[in-house]
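Below, read A as the first sequence line, B as the second, and so on, with proteins coming before strands; counting in each chain starts at 1. None of these values were measured; they are calculated from a predicted model. Every heavy atom of this structure was used, including side-chain atoms; hydrogens, water molecules and symmetry mates were not.
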Amino acid sequence: MSELSSKYNPHEVEGKWYQHWMDNGYFGSKPDPDKEPLTIVIPPPNVTGVLHMGHMLNNTIQDILIRKARLEGKNACWVPGMDHASIATEAKVVKRLREKGIKKSDLSRDEFLAHAWDWKEEYGGVILEQLKKLGASCDWDRTRFTMDEKYYESVLDTFIHLYEKGLIYRGYRMVNWDPEALTAVSDEEVIYTEERSKLYHVRYQVEGTDEYVTIATTRPETILGDTAICIHPEDERYTHLHGKRAIVPLVNRSIPIIQDEYVDREFGTGCLKVTPAHDVNDYDLGQKHNLETIDILNANGTLSEAAQILVGEDRFTARKKIAPMLEEAGSLIKTEEYDNKVGRSERTNSIIEPRLSLQWFVKMQPLAEPALKAVEEGEVKFHPAKFNNTYRHWMTNIKDWCISRQLWWGHRIPAWYYGEGEEEFVVAKTADEALEKARAIKADIQPADLKQDEDVMDTWFSSWLWPISVFDGFYDREELDYYYPTNDLVTGPDIIFFWVARMIMAGYEFENKRPFENVYFTGIIRDKLGRKMSKSLGNSPDPIDLINKYSADGVRLGLLMTAPAGNDIPFDDAICEQGRNFANKIWNALRLIKGWKVEDKAQSEDNAKAVQWMRQRLASELTSINENFSKYRLNDAAMSIYKLVWDEFCSWYLEAIKPAYGEGIDAETYESTLDLFADLMAILHPIMPFITEEVWQSLRDRNEGECLIVGAWPKAEAFDADQLQAFETTKQIISEIRAVRAQKNLSPKDSLKLHQKGEAGGYTQFAGILSKLANVEVAINETASGPGASFIVGTLEFAIPLEGLIDASEEIEKLEEELKYQEGFLNAVMKKLSNERFVNNAPEQVVAAEQKKRADAESRIASIKQQLATLNG
RNA sequence: GAGGGAUUAGCUCAGUUGGUUUAGAGCGCUACCUUGACAGGGUAGAGGCCACUGGUUCGAAUCCAGUAUUCCUCACCA
């Protein structure tokens with residue numbers, strides 16, 4: 001025993017077993033028609049990413065599901081990989097080049113991409129290495145990247161497929177423009193936050209009069225692009241302006257005053273300025289009323305020539321400068337503080353400008369229909385189910401998806417222009433194919449006449465194929481037919497629209513099958529104060545530090561215990577401490593058992609009982625653990641296992657069979673104990689893979705290649721509920737006796753006599769264990785002599801004679817308190833029973849139960865009264 | 001503005017078609033314990049008018065309505 005330290009040292013153990021598992025190829029999976037697959041595809045982290053707490057949680061959960069399936073004998077396949085993260089990665093590469101003095105604009109597309117790939121090779125994929133520290137049992141040979149050759153091809157093919165089906169189109173639309181990244185982004189990539197800004201009230205002269213109309217705006221620089229003033233047709237204040245024109249301040253342009261019911265008469269002055277180039281609603285108005293569109297902004301957010309003044313100034317500088325100019329011109333009436341929602345780019349955090357541009361879109365409605373149905377009908381199940389509502393709402397209000405990005409890093413749009421017009425293009429996978437297609441339209445096209453679209457696609461246009469393309473599913477049916485549909489997806493609710501919904505759409509569109517059966521939504525990890533973890537707040541612990549401090553097992557258990565599906569987790573290091581402590585507890589149980597001297601002697605009746613009980617206890621708990629797993633209630637499963645090991649196995653079972661000092665244990669009990677311990681380690685293995693493997697290996701001499709990771713999940717045997725209940729009673733009796741000792745200050749070493757009134761209860765089968773753990777001699781149906789302490793467990797009454805140790809007044813006080821409680825209880829029961837309507841209407845067994853409560857309470861009260869009478873002499 | 005959750009012990013949460021001896025767990029807290037696996041431990045405790053107000057019912061933490069607080073999603077008016 002001396003070779004095992006009293007503290008568990010996880011560092012060596014974790015590294016050792018991970019390597020061992022890798023060396024033996026236990027994480028790998030190959031299609032095997034004789035085995036049922038259980039497949040999970042990882043939510044691919046950004047190639048630029050580093051591990052954060054969200055990854056820890058969500059990969060722990062995936063690993064648990066995979067390891068459990070592996071133990072159950074399934075063909076467990078967890079596919080890892082990375083996302084090229086178009087906009088995020090391009091931003092990083094651009095920044096790095098800038099640090100080296102290279103401007104993106106000085107590079108050709110190919111030169112830039114070469115730099116980007118260099119960057120990817122050098123820095124990408126750190127996160128996957130970090131996942132190994134966590135114990136993630138991914139099939140690393142399957143690691144995929146969304147820009148791998150085959151994957152890239154599949155993205156182009158699906159684009160072409162959708163285009164040919166009429167679901168992808170190109171058009172001028174108002175899109176969300178990121179002036180920093182210089183690209184369009186989708187609606188989902190815009191984050192709106194409430195921000196304090198200024199509302200400017202500006203007056204416009206009505207042409208040919210001395211009259212003015214006043215409008216309010218938060219973006220005064222857009223005045224330069226105004227092409228109309230709009231009023232409500234029925235607004236009586238402005239009837240006289242119908243058909244008139246107004247003069248735009250500073251630039252003195254004459255614009256029409258139009259009427260439209262869109263205007264809210266109640267808001268502001270009831271007068272609206274219309275800037276079709278820079279606002280979605282204004283754009284619609286412009287279309288409707290056939291207004292001129294003046295785009296006053298350049299792509300980078302500076303004012304263009306069309307603005308006439310402040311040309312070249314940044315939009316925010318212009319905003320600051322234009323206010324005094326308006327004031328000087330006598331046009332600024334007032335400014336006031338104003339809270340409004342401002343949209344910012346998810347990636348660059350710069351303020352989004354609505355911008356009119358030519359982009360590619362996916363028609364979503366036809367794709368959404370089967371995907372919505374799948375969730376509504378339970379073909380795809382969300383855990384927790386509350387996300388069904390969110391999903392339904394989004395799917396039924398879905399808008400077309402802008403998929404083109406003005407970037408270079410990503411999948412280039414396979415459209416080829418052969419003429420000058422915007423409509424003169426063909427969609428094809430390669431230049432050769434494009435040429436062929438173009439020639440079918442215009443016979444004399446030359447290769448040099450073809451120009452490929454400069455844009456790439458939205459990252460999510462490749463991610464939505466993930467469950468198919470990681471198996472090269474568009475080109476190789478063998479793998480796909482075996483692994484697809486996958487089983488579980490584990491992800492955060494923040495990407496339900498970005499990714500989950502779109503994968504479901506892609507699954508039905510391209511495979512006509514769901515991509516996965518279950519979606520487990522994790523919560524968002526917050527700090528102790530409930531704030532989101534963020535780099536700028538510095539409140540996000542480094543997961544690797546945590547693992548170093550508490551062990552991977554400890555962090556896994558800690559995260560899991562406080563993380564029911566879909567609930568946010570206020571993270572505190574202390575929850576990992578609990579995991580670390582648990583590992584130590586297990587370690588010490590191992591030390592205890594391995595330290596026993598095994599003797600060739602017969603198994604005692606009490607040990608046989610203890611073993612029998614523990615087996616059944618394990619079986620009953622395993623039944624509920626299996627159920628919790630199947631319902632994805634992983635935190636409940638974790639808690640069950642925790643208590644099963646700590647309380648039942650360590651505190652009760654091991655204490656019950658523990659040999660007296662200096663003595664050994666019989667071989668039969670010892671062997672049974674090793675088996676029980678091994679089963680417990682198997683059940684815990686998915687959650688704490690490392691220590692369970694270590695303990696399992698140490699319990700017996702294992703053969704070469706024998707490993708818990710590929711061991712067996714225990715069977716949930718039948719159990720006898722009565723016997724389990726009898727042991728629960730035994731525990732309570734022991735607790736009561738210990739409480740008496742604590743109150744009377746009696747040493748556990750002093751043996752006591754325990755009297756039980758009346759007939760023996762079922763607990764007496766454990767009387768030997770009771771004697772041992774409470775250090776008492778049990779006497780049934782034998783009147784206690786003299787004063788003593790007493791207590792009731794269920795309907796059983798017990799007394800411990802304590803001649804000379806008893807303080808009568810103290811005891812009387814205690815009994816009176818108990819009497820008061822029992823009488824109160826009886827009172828409540830009587831109230832029910834004396835209610836005729838209750839007796840007449842309630843089901844028979846409910847009434848019978850109340851009557852039993854009454855009888856029990858009455859007998860207890862009688863007994864207490866009797867004791868009080870004795871004490872009072 | 002619309003929709004959807006949530007509200008139970010100091011904290012995080014269970015509580016499964018309304019009835020399991022007047023509500024459970026883990027952590028934290030208090031007292032005692034250098035016992036021979038473990039102080040990263042043991043034993044025993046304290047702690048709740050189940051957000052509020054009504055209603056349905058013989059019976060409500062559980063069902064219904066309203067109020068308050070809070071979170072999420074979507075949509076936004078200058």
Side-chain angles (χ1 to χ4, degrees), chain A residues 1 4 6-8 192 199 215-219 222 230 262-264 266-275 279-282 340-341 384 386-394 397 493-494 496-497 524 528 530 554 561-564 566-570 572 574-575 577-578 580-596 631 633 635-636 639 642-643 650-651 654-655 658 660-662 735 738-743 745 747-749 794-795 821-822 824-829 832 835-843 845-847 849-850 852-854 856-857 860:
Chain A
M1 196 182 105
L4 297 181
S6 79
K7 286 203 167 117
Y8 172 57
Y192 290 92
L199 188 62
I215 57 90
T217 180
T218 51
R219 296 190 298 161
T222 62
C230 190
Y262 163 76
V263 176
D264 179 356
E266 307 299 313
F267 191 90
T269 59
C271 253
L272 176 70
K273 72 185 208 59
V274 186
T275 324
D279 184 278
V280 183
N281 298 307
D282 290 11
N340 70 337
K341 291 260 173 104
K386 67 178 177 185
F387 289 109
N388 289 3
N389 293 324
T390 314
Y391 180 80
R392 185 188 316 118
H393 188 253
W394 190 75
N397 295 292
D494 48 332
I496 184 167
F497 306 132
I524 292 165
K528 263 194 252 192
M561 292 246 273
T562 45
N567 275 33
D568 285 2
I569 302 147
D572 186 344
I575 63 178
E577 205 173 308
Q578 196 181 346
R580 180 198 63 179
N581 294 352
F582 184 45
N584 196 51
K585 183 75 184 179
I586 294 167
W587 179 250
N588 277 291
L590 176 70
R591 286 176 67 221
L592 173 68
I593 294 167
K594 295 308 277 185
W596 284 336
K631 290 180 181 164
R633 300 177 59 146
N635 61 319
D636 290 335
M639 183 58 77
Y642 178 86
K643 287 198 281 191
C650 293
S651 298
L654 291 181
E655 292 298 334
K658 193 194 250 179
Y661 186 61
S735 261
R738 287 171 177 166
V740 169
R741 285 187 194 276
Q743 278 153 25
N745 237 334
S747 158
K749 286 175 184 151
T795 55
Y821 172 86
Q822 294 295 347
F825 176 72
L826 180 63
N827 208 15
V829 174
K832 270 194 190 175
N835 183 339
E836 245 175 73
R837 286 181 302 179
F838 171 73
V839 180
N840 295 336
N841 293 320
Q845 69 266 36
V846 173
V847 178
E850 288 303 312
K852 179 161 189 316
K853 282 190 206 170
R854 173 191 170 177
D856 290 350
R860 265 174 275 152

State, to 0.1 Å, how close [X] and [Y] come at their nearest heavy-atom pair, and which atoms those are.
X	Y	value
A/Asn584	A/Lys7	OD1-CA, 3.5 Å
A/Trp596	A/Lys658	CZ2-CA, 3.9 Å
A/Thr218	A/Leu199	CG2-CD1, 3.7 Å
A/Thr222	A/Thr217	OG1-OG1, 4.5 Å
A/Leu272	A/Val263	CD2-CG2, 4.1 Å
A/Lys386	A/Asn567	NZ-OD1, 4.5 Å

Please state the [atom1] separation for the pair [N] and [M] - nearest whole angstrom.
N	M	atom1	value
B/rC33	B/rC72	P	49 Å
B/rG5	B/rC64	P	10 Å
B/rG19	B/rU62	P	11 Å
B/rG66	B/rU30	C1'	42 Å
B/rU34	B/rG26	P	25 Å
B/rC49	B/rA44	C1'	28 Å
B/rU22	B/rA68	C1'	29 Å
B/rU43	B/rU70	C1'	40 Å

Given [options], identify the nucleotide with an atom nearest to the side chain of [X].
X	options	result
A/Ala742	B/rU16, B/rC58, B/rA44	B/rA44
A/Ala739	B/rA44, B/rA37, B/rG40	B/rA44
A/Asn584	B/rU43, B/rG40, B/rA37	B/rG40
A/Cys650	B/rG26, B/rC58, B/rA37	B/rA37

Could you check whether [X] gets within reach of a base, just the sugar-phosphate, or nothing at all, counting any heavy atom under 4.0 Å?
X	result
A/Lys658	base
A/Lys386	sugar-phosphate
A/Arg738	sugar-phosphate
A/Ala842	base
A/Cys230	nothing
A/Gly824	base
A/Arg860	base
A/Asn567	sugar-phosphate

Ignoring hydrogens and angles, answer whether the base of B/rA37 and the side-chain atoms of A/Glu655 contain a donor-acceptor pair closer than 3.5 Å. yes
I'd like to know if A/Arg633 reaches the base of B/rU16 with its side chain, counting only an N/O donor and acceptor under 3.5 Å. no
Complementary nucleotide of [N], counting Watson-Crick and G-U pairs under 3.5 Å:
N	result
B/rG1	B/rC74
B/rU57	none
B/rU43	B/rA31
B/rG48	none
B/rG26	B/rC11
B/rC38	none
B/rA6	B/rU69

Contacts of A/Arg837 and A/Ala574 projected onto RNA chain B by closest heavy atom; the upstream (5') one is A/Ala574
Note: for A/Gln743 and A/Trp596 on RNA chain B, the residue whose nearest nucleotide lies more 5' is A/Trp596
Identify the residue among A/Arg854, A/Lys852, A/Lys853 that makes a side-chain hydrogen bond (donor to acceptor under 3.5 Å, both in side chains) with A/Asp856. A/Lys852
Please check the phosphate of [N] (OP1 and OP2 only) for any side-chain N or O of [X] closer than 4.0 Å.
X	N	value
A/Lys7	B/rA39	no
A/Ser735	B/rA44	yes
A/Asn841	B/rC58	yes
A/Tyr821	B/rU22	yes
A/Lys594	B/rA37	no

Specify the separation, in whole Å, of atom [atom1] of [X] and atom [atom2] of [N].
X	N	atom1	atom2	answer
A/Lys832	B/rG19	NZ	C1'	6 Å
A/Asn581	B/rG26	CG	C1'	13 Å
A/Glu850	B/rU21	CD	C1'	9 Å
A/Asn635	B/rG26	CG	C1'	11 Å
A/Gln578	B/rA25	CD	P	15 Å
A/Lys585	B/rG42	NZ	P	4 Å

Describe, in one word, how the ring planes of A/Trp587 and A/Tyr8 are oriented to each other, choosing from parallel (under 30°), tilted (30 to 60°) and perpendicular (over 60°). tilted
Indicate whether any N or O donor in one side chain lies under 3.5 Å from an N or O acceptor in the other, for A/Asn840 and A/Arg837. no
For the pair A/Lys832 and A/Val829, evaluate side chain to side chain contact (heavy atoms under 4.5 Å, CB included) and give the outcome as yes or no after the intermediate values. CA-CA 5 Å; A/Lys832 270 194 190 175; A/Val829 174; 5.7 Å; no
If you define the side chain from C-beta out and look only at heavy atoms, does anything of A/Phe387 sit under 4.5 Å from A/Pro493? yes
Report, as a single string ordered 5' to 3', how protein heavy atoms within less than 4.0 Å touch nucleotides 69-78 of chain B: B base, S sugar-phosphate only, - not at all. ---SSSBBBB
